[in-house]
Engineer: 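Could you have a look at this structure, given as structure tokens, before my questions?
Indexing begins at 1, ligand by ligand and atom by atom, following the structure's order.
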Amino acid sequence: MEVTQIEKIRHSLSHIMAQAVLRLFPDTKLGIGPAIDNGFYYDFDFGDQDFSEQKLRKIEKEMKKIIKRNLAFTQEMIPREGAIERLKTLKAEYKLELLDGIEDDPLSFFITGDGEFTDLCRGPHVQRTSEIPIDGFRLIKTSGAYWRGDEKNKMLTRIYGYAFETKEELETYIYNMEEAAKRDHRKLGPELGLFMFSEIVGPGLPIFLPQGNILRETIEDYIKEKKKEYGHQFVTTPHMAKSDLYIKSKHWQKYDAMIPPINIDGDEYTLKPMNCPHHFQVYLNEKRSYRDLPLIIAENAVVYRFEKSGELGGLLRVRGLTQDDSHWFIRPDQIGEQVNVALELMSEIYNDFGMTDFRAEISAADRDNMDNYLGDPAMWDEAESKIEGILKTKEIEYKVNPGEAAFYGPKIDLQAKDTLGREWQLMTIQLDFNQPDNFDMTFTNSEGEDEKVVVLHIAILGSFERFMAIMIENYAGAFPLWLAPTQVKILPISGEKHGEYAHEVAQRLKEQGIRVEVGDKNERIQKRIRQAELAKVPYIAVVGDKEAETNTVAVRIHSKQDQGLQTVDEFINNLNEEINSKTYYLND
Ligand SMILES: [Zn+2]
Ligand SMILES: [Zn+2]
């Protein structure tokens, strides 16, 4: 595989960091040190030496000294026996252990400069240290890491560094990471009263609080309405079913996140891990003809997954999640057309949520091994080429990964970028040529014969939990008006004197379906304005004598200048317009 220059830089920096560490802490033993997505790391065993994170700046300085000497990286191939000797002299016991897993003979070493530093490594690196932008890297943090990832082994100290080709790129990245930490939904969610976890309810089982539930319902109502416009028919299916259902669908045998079964009246039941086989029962409930297709069965349904407790995190990984699931039952000749429709629906929806920068990955079949796949190879060919054609027309950047498809059908995964440029895995379209066999799902074709239907599994948001986490982070909790749990806060200057007018205005807004609260606690107005700002309420309307006399409100938009006086009618019109257009003002 082609190694890019930045990957070489990152990898070379890990060597240079190890060299610098050995200069400063000569008794250190080296673990491994690869390049990673945003930089590099190296695992060190500092033994009894006094190491603390405060030393990172010192190591960084030492690294810069090494880089400035413009040293060359040279490869040396050493026969196995000699390599073992060499590692013994270097007291590189961890590296010696690694040799067990490497069969190469001779072994590749890389030497920095005139031999001050040598590492067992296949490369590649930059030619000389002068290729490394001296302002493009920074050591960020340390963490504990078990040698070879095994908790039975010794805990080493992993030092992480970021590395980019320019100082600007590095700084932007650091800024974005800091911004991301501030936006962390696990922090913002409880702060804004959106969701909570309870020890006794259990990990991975979020509870949505009143404010968070409004956000959730708003998203849910919106998505339901959109999907209905696109012909989805909604159903409701139970949270559990006999294990037999999943044995028939083969999930039981293949899917490893099933919740262990429970026994009821001698039958085994389980909580549903996915909705597909339930929706298949809906399909099978009537005889279908080619004219009935596509038939789209949709449900916003809770499914339960056996996730390990160590892997749970906020709303991104949970044990109970609500998918905006849909199953499209289509004729084989409708694949291209219907994938196109699904992508249309997706872009409409994501546009409304302020995400417009997409990238797709197609998991395709391995052309040389078509025996491994179910269904007619011609159908695969056609499906894959149609998908590519659609993505091209839509100008969505895509990558084809041959051999990545499941045996039962190709898949499209869509990633979108948020306001910080972070990519999120969002919608999936999974074509399925197998479940129609498992459940004998057919339709009567135009010749009057039974023909196998094709199933598309499509979740546009994925799960509401995950999507809410993304929205909280994307907007940093300052939601656009249409999504904000509280849209307007009305603050009377004096609760006693102007409270009645404040409630009158609130009533008029409520009649328009606007989510409004009155903040008439007996506190100074400045303090109440500040609280509303902290709660990230999009609009604050302050009312006093003048406003009450003229039937107006003094309007402030979250983290923006005062907007001045508006009559209540104007205010309502402006709010409605902003809600309906789903406008989003970027916070500055
Ligand atoms: Zn290397
Ligand atoms: Zn499904």
Engineer: Keeping Arg331 on the side-chain end and Tyr290 on the backbone end, is there a donor-acceptor pair under 3.5 Å?
Structural biologist: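 Between the backbone of Tyr290 and the side chain of Arg331 there is a qualifying donor-acceptor contact (under 3.5 Å).
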Engineer: Taking Thr322 for the side chain and Val302 for the main chain, is one N or O donor matched with an acceptor at less than 3.5 Å?
Structural biologist: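 Checked: no pair found.
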Engineer: Verify the ring-centre separation between Phe40 and Tyr42: is it less than 6.0 angstrom?
Structural biologist: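 No; Phe40 has its ring centre 6.0 Å or more from that of Tyr42.
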Engineer: Both conditions, 6.0 Å and 45 degrees, for the charged tip of Lys141 above the ring of Tyr41: are they met here?
Structural biologist: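 Cation-pi check for Lys141 and Tyr41: fails.
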Engineer: Relative to the Zn ion (ligand 2), which of the N, O or S atoms in His457 is the closest?
Structural biologist: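 The closest N, O or S atom of His457 to the Zn ion (ligand 2) is ND1.
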Engineer: Could you check which N/O/S atom of His125 is closest to the Zn ion (ligand 1)?
Structural biologist: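 Of all N, O or S atoms in His125, the Zn ion (ligand 1) lies closest to NE2.
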Engineer: Please calculate the SG(Cys121)-the Zn ion (ligand 1)-NE2(His11) angle and round it to 10 degrees.
Structural biologist: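 Answer comes to 100°, rounded to 10°.
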Engineer: Under 2.8 Å from the Zn ion (ligand 2), is there any N, O or S atom belonging to His279?
Structural biologist: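 Checking His279: none of its N, O or S atoms is under 2.8 Å.
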